[in-house]
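Input: a single structure, listed below in structure tokens.
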Amino acid sequence: MDTTVFLLLRLGIATSMFGHGLVRLPKLNAFSEWMTTSFEKSLLPKVMVIPFSYVLPVAEFTVGLLLLIGLFTKPALIMGAVILLVLLFGTAMIENWEAIPSQLLHLVFFALLLQFIQNNSWALDKLFNQ
């Protein structure tokens, strides 16, 4: 994979994750209430859903920011993939089948970027020999 292609893919997934977190952070309580309501009839207990609903926007924002600047890229990609795996499980638990293709596509981006991490040339990681 060309380094420019890697950069474009990294920035694409970074923008998505950063944007998801950014718009949810100012309305964190409302987002948590929405998510908790969405999971009321699922197998997942409220005691798990509530903390996750507060952590998710912070995690999305953090992964997005790190990928945008290219710092700790590999750990950020792994963290992003784990977030997507958890989201996929939750989405299946509430039977929101329409959201799964989008989440799978995000996961493919993370996996692809991990596969070609050696092409991560346009990144702050290069300044710090990461």
Side-chain angles (χ1 to χ4, degrees):
M1 177 182 291
D2 180 74
T3 58
T4 304
V5 172
F6 186 94
L7 174 66
L8 291 172
L9 291 175
R10 191 189 86 213
L11 292 177
I13 197 68
T15 302
S16 178
M17 294 297 282
F18 183 78
H20 273 88
L22 186 64
V23 300
R24 291 174 175 165
L25 285 173
K27 54 182 180 181
L28 201 49
N29 289 330
F31 175 74
S32 177
E33 288 174 20
W34 168 82
M35 184 175 264
T36 304
T37 302
S38 298
F39 280 85
E40 280 179 345
K41 295 179 182 176
S42 77
L43 297 172
L44 297 174
K46 198 174 190 176
V47 71
M48 288 177 65
V49 175
I50 292 173
F52 183 75
S53 70
Y54 283 98
V55 169
L56 178 61
V58 175
E60 290 172 324
F61 179 84
T62 303
V63 166
L65 181 61
L66 289 173
L67 292 175
L68 278 172
I69 63 175
L71 188 60
F72 303 114
T73 305
K74 187 173 182 178
L77 289 170
I78 292 168
M79 185 175 162
V82 169
I83 291 168
L84 264 298
L85 291 170
V86 173
L87 286 173
L88 280 161
F89 179 75
T91 301
M93 292 295 97
I94 60 172
E95 300 181 71
N96 183 2
W97 310 122
E98 299 82 27
I100 287 182
S102 173
Q103 292 171 342
L104 284 171
L105 185 59
H106 278 74
L107 183 58
V108 167
F109 268 78
F110 284 113
L112 188 63
L113 289 168
L114 278 167
Q115 177 66 36
F116 293 100
I117 192 71
Q118 70 275 7
N119 298 103
N120 188 33
S121 295
W122 301 87
L124 287 179
D125 287 340
K126 292 298 176 186
L127 294 176
F128 301 109
N129 296 322
Q130 292 283 329

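Just so you know, residue 1 is the first one in the sequence shown, and it goes up from there. Just so it is clear, the model here is predicted, and its values are computed rather than measured.
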Fill in: Non-hydrogen side-chain atoms of Phe110 and Ile78 separated by less than 4.5 Å
no

Discussion item. Pair Leu107, Leu87 - check side-chain contact (heavy atoms from CB on, under 4.5 Å), show working.
Written reply: CA-CA 10 Å; Leu107 183 58; Leu87 286 173; over 6 Å; no

Item to complete: Report yes or no: do Leu43 and Ile100 belong to one cluster of Ile/Leu/Val/Met/Phe/Trp/Tyr joined by side chain heavy-atom distances under 4.5 Å?
Response: yes

Worksheet item: So do the side chains of Phe18 and Leu67 get within less than 4.5 Å of each other, counting heavy atoms only?
Response: no

Worksheet item: What pair of heavy atoms forms the shortest contact from Leu71 to Phe128, and how long is it?
Response: CD1-CD1, 3.8 Å

Item to complete: Taking all non-hydrogen atoms of both residues into account, name the closest pair between Lys126 and Ser121 and its distance.
Response: CG-O, 3.3 Å

Worksheet entry | Any donor-acceptor pair under 3.5 Å from Arg10 side chain to Trp122 backbone | yes

Discussion item. Is the shortest side-chain heavy-atom distance between Leu104 and Val108 below 4.5 Å?
Written reply: no

Practice prompt. Mind running side-chain contact (heavy atoms from CB on, under 4.5 Å) on Met17 and Phe109 for me, showing each step along the way?
Written response: CA-CA 12 Å; Met17 294 297 282; Phe109 268 78; over 6 Å; no

Worksheet item: Closest heavy-atom contact between Leu84 and Gln103?
Response: CD1-O, 3.3 Å

Discussion item. One pair to check against side-chain contact (heavy atoms from CB on, under 4.5 Å): Phe52 and Val86. What are the steps and the verdict?
Written reply: CA-CA 10 Å; Phe52 183 75; Val86 173; 3.6 Å; yes

Discussion item. I need the Leu44 CG to Met35 CE distance, nearest 0.5 Å.
Written reply: 10.5 Å

Practice prompt. Would you mind telling me which of Ile13, Leu11, Leu7, Val5 makes a side chain to side chain contact (heavy atoms under 4.5 Å, CB included) with Leu9?
Written response: Val5

Worksheet item: Of all heavy-atom pairs between Phe39 and Gly90, which one has the smallest distance, and what is that distance?
Response: CE2-O, 3.4 Å

Discussion item. Show the nearest heavy-atom pair for residues Leu66 and Ala76, with the distance to one decimal.
Written reply: CB-CB, 4.0 Å

Discussion item. I need the single residue from Leu114, Asn120, Leu112 that forms a side chain to side chain contact (heavy atoms under 4.5 Å, CB included) with Phe116. Which is it?
Written reply: Leu112

Worksheet, complete the sentence: Met93 and Ser42 have their tightest heavy-atom pair at O-CB, 3.6 Å

Worksheet item: Is atom CE of Met1 surrounded by more than 12 heavy atoms (other residues, nucleotides or ligands) closer than 6.0 Å?
Response: yes

Discussion item. Between Ser53 and Ile50 (side chain of the first, backbone of the second, donor and acceptor by atom type, cut-off under 3.5 Å), is there such a pair?
Written reply: yes

Item to complete: Enter the distance from Phe72:CZ to Leu124:CG here, rounded to the nearest 0.5 Å.
Response: 10.0 Å

Practice prompt. Nearest 0.5 Å please: distance from the NE2 atom of His20 over to the CZ atom of Phe31.
Written response: 8.5 Å

Worksheet item: Would you find a donor on one side and an acceptor on the other, under 3.5 Å apart, between the side chain of Ser32 and the backbone of Leu28?
Response: no

Worksheet item: How many angstroms lie between OG1 in Thr91 and CH2 in Trp97, if you round to the nearest 0.5 Å?
Response: 9.0 Å

